[in-house]
Trainee: 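My questions all concern the structure below.
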Amino acid sequence: MPIKVYPWPPVAAIGGEWTSVMPTARLRSLLTGRDQMQASQRRRRMAVLQVSALANGRMGAGYCEMLKDLLEGGIHAVRLQSTPINWWLDELARSASIGSSDELRWRTAAGEPLAWRTAAGDPLYWFTGRPLIGQLDTSGGRPLLTVGAAGGSLPPNTLVGRPGDFIRVYNRSDASIYAVCRLLRPARTNADGVVTLKLDISPGIQGGRVALAGQDEAVFRVEGGMPRAMQPVSGDWSYTWTFREVFADEVGGFQEYPGIWT
């Protein structure tokens, strides 16, 4: 039976951690005496969020208490997006400098999807802002993604990414298909606004739309007990949530409730 998955409530965190654990097993050969290490479990994301009780118009505590009720002691789960890996003020400045571009979906007056096509009959896609297109090169060691050479360009001579930052690469014909990658080195544009990103993994999407301020995303259960917080006579108080990633095949699937907070 699937577990319920809720979105994070509309409250911002005042502190956060987004990392992963990769459990390993250590073996010693009886013949050679050598130590060998290998993965014992699959990689899991771990997340910590600290929430002010006075967040979102002094409704943070209420949202946290309602999320606790919905999760039913930890049976159900919450879908989270990553908090900034590098300093959050730098992330704000980076996001402002590179802008954003999202797919614009048209609908008829009756609410039905409306598909646009060119005069030649090819699909025509609309975006807010100017999309960045990535050209993928996997001929060497780590994959390289050149952004700005085709489609939109970036500000010249600008640092647009730091090691550990997440990006998303979307299939241009279907935005539900995307890959999340991370930068291995600082990314600075040249005088023409072009940058080559060195990635940890290949997105597997050639000519995809690139979101340089993309976020990682996963489904989590609460690790340990539900957070508790005591309200003082004056001043703020906070809830600290600790999460451990859970996979659909471990729990019989996910049943999403995206509109629970509206």
Side-chain angles (χ1 to χ4, degrees), residues 16-20 22 39 42-47 79-105 118 122-219 245:
E17 178 192 23
W18 188 276
T19 189
S20 60
M22 291 159 276
R42 54 183 151 182
R43 172 181 172 271
R44 288 180 194 272
R45 299 168 180 88
M46 304 292 290
R79 180 174 292 279
L80 300 176
Q81 290 191 331
S82 59
T83 53
I85 300 302
N86 293 295
W87 196 30
W88 68 275
L89 286 176
D90 286 338
E91 182 64 18
L92 285 179
R94 181 176 80 102
S95 299
S97 68
I98 61 180
S100 64
S101 174
D102 295 312
E103 184 180 15
L104 183 62
R105 298 186 178 183
T118 65
D122 297 321
L124 179 62
Y125 303 105
W126 293 75
F127 299 95
T128 60
R130 191 173 182 184
L132 299 170
I133 307 302
Q135 301 301 322
L136 182 62
D137 180 5
T138 57
S139 60
R142 293 287 183 174
L144 301 175
L145 187 69
T146 300
V147 180
S153 60
L154 292 161
N157 304 314
T158 301
L159 185 67
V160 295
R162 293 174 172 82
D165 284 345
F166 292 104
I167 69 165
R168 288 196 186 200
V169 182
Y170 293 90
N171 184 302
R172 289 165 70 182
S173 61
D174 185 353
S176 67
I177 301 173
Y178 65 87
V180 177
C181 308
R182 301 184 83 174
L183 303 187
L184 283 170
R185 66 185 182 192
R188 186 178 295 274
T189 59
N190 61 18
D192 297 320
V194 176
V195 64
T196 297
L197 311 174
K198 190 174 186 181
L199 307 178
D200 60 338
I201 59 173
S202 172
I205 300 173
Q206 182 61 268
R209 179 171 59 89
V210 180
L212 287 177
Q215 292 174 286
D216 198 13
E217 184 174 322
V219 173
E245 184 179 10

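Throughout, residue positions are numbered sequentially from 1 according to the sequence presented.
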Trainee: Any pair with a residue in residues 175-205 that passes ring-ring contact (aromatic ring centres under 6.0 Å, His included), sequence neighbours left out, goes on the list, sorted by first then second residue, please.
Mentor: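 Sorted result for residues 175-205: Y170-Y178.
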Trainee: How long is the span from the OG atom in S95 to the CG atom in L212, to the nearest 0.5 Å?
Mentor: 9.5 Å
Trainee: Enter the distance from N157:CG to L159:CG here, rounded to the nearest 0.5 Å.
Mentor: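 Answer rounded to 0.5 Å: 11.5 Å.
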Trainee: To the nearest 0.5 Å, tell me how far T196 OG1 sits from D137 CG.
Mentor: 9.0 Å
Trainee: Start with the C-alpha gap between Q206 and Q135, add the side-chain angles, then the distance that decides, and say whether side chain to side chain contact (heavy atoms under 4.5 Å, CB included) holds.
Mentor: CA-CA 6 Å; Q206 182 61 268; Q135 301 301 322; 3.4 Å; yes
Trainee: Can you tell me how far the CZ atom of R45 sits from the OG atom of S20, to the nearest 0.5 Å?
Mentor: 8.0 Å
Trainee: Going by the salt bridge (charged side-chain N to carboxylate O under 4.0 Å, His left out) test, which pairs reach into residues 155-175, not counting sequence neighbours?
Mentor: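 As it turns out, the salt bridge (charged side-chain N to carboxylate O under 4.0 Å, His left out) pairs with a partner in residues 155-175, which skip direct neighbours, are D90-R162, R94-D165, R168-E217.
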Trainee: Minimum heavy-atom separation for T83 to W18, with atom names?
Mentor: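 What the structure gives for the nearest pair is OG1-CB, 3.9 Å.
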Trainee: Could you tell me if the side chain of L144 sits less than 4.5 Å from the side chain of L197, heavy atoms only?
Mentor: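 Sidechains of L144 and L197: no contact.
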Trainee: Which residues pass the salt bridge (Lys or Arg N to Asp or Glu O under 4.0 Å) test with R42, sequence neighbours left out?
Mentor: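 Listed in chain order: D249, E250.
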Trainee: Just to verify, what does T189 make a side-chain contact (heavy atoms from CB on, under 4.5 Å) with, not counting sequence neighbours?
Mentor: L154, T158, V160, V195
Trainee: State, with a plain yes or no, whether a side-chain heavy atom of I201 is found less than 4.5 Å away from one of P143.
Mentor: no
Trainee: Could you name each residue pair satisfying salt bridge (charged side-chain N to carboxylate O under 4.0 Å, His left out) that touches residues 182-199, not counting sequence neighbours?
Mentor: none
Trainee: Check whether any side-chain heavy atom of C181 sits under 4.5 Å from a side-chain heavy atom of D200, and report yes or no.
Mentor: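 Of all side-chain heavy-atom pairs linking D200 with C181, at least one is under 4.5 Å.
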Trainee: List the residues meeting side-chain contact (heavy atoms from CB on, under 4.5 Å) with A179, not counting sequence neighbours, and say none if there are none.
Mentor: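 Here the qualifying residues are P203.
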Trainee: Check this for me: does any side-chain nitrogen of one of E245 and R44 sit under 4.0 Å from a carboxylate oxygen of the other?
Mentor: no
Trainee: Got a donor-acceptor contact below 3.5 angstrom from the N190 side chain to the V194 backbone?
Mentor: yes
Trainee: To the nearest 0.5 Å, tell me how far L136 CG sits from T146 OG1.
Mentor: 9.0 Å
Trainee: Would V210 and L145 satisfy side chain to side chain contact (heavy atoms under 4.5 Å, CB included), going step by step from the backbone distance to the final call?
Mentor: CA-CA 9 Å; V210 180; L145 187 69; 3.9 Å; yes
Trainee: Just verifying a value: how many Å separate D216 CG and Q81 CD, rounded to the nearest 0.5 Å?
Mentor: 9.0 Å
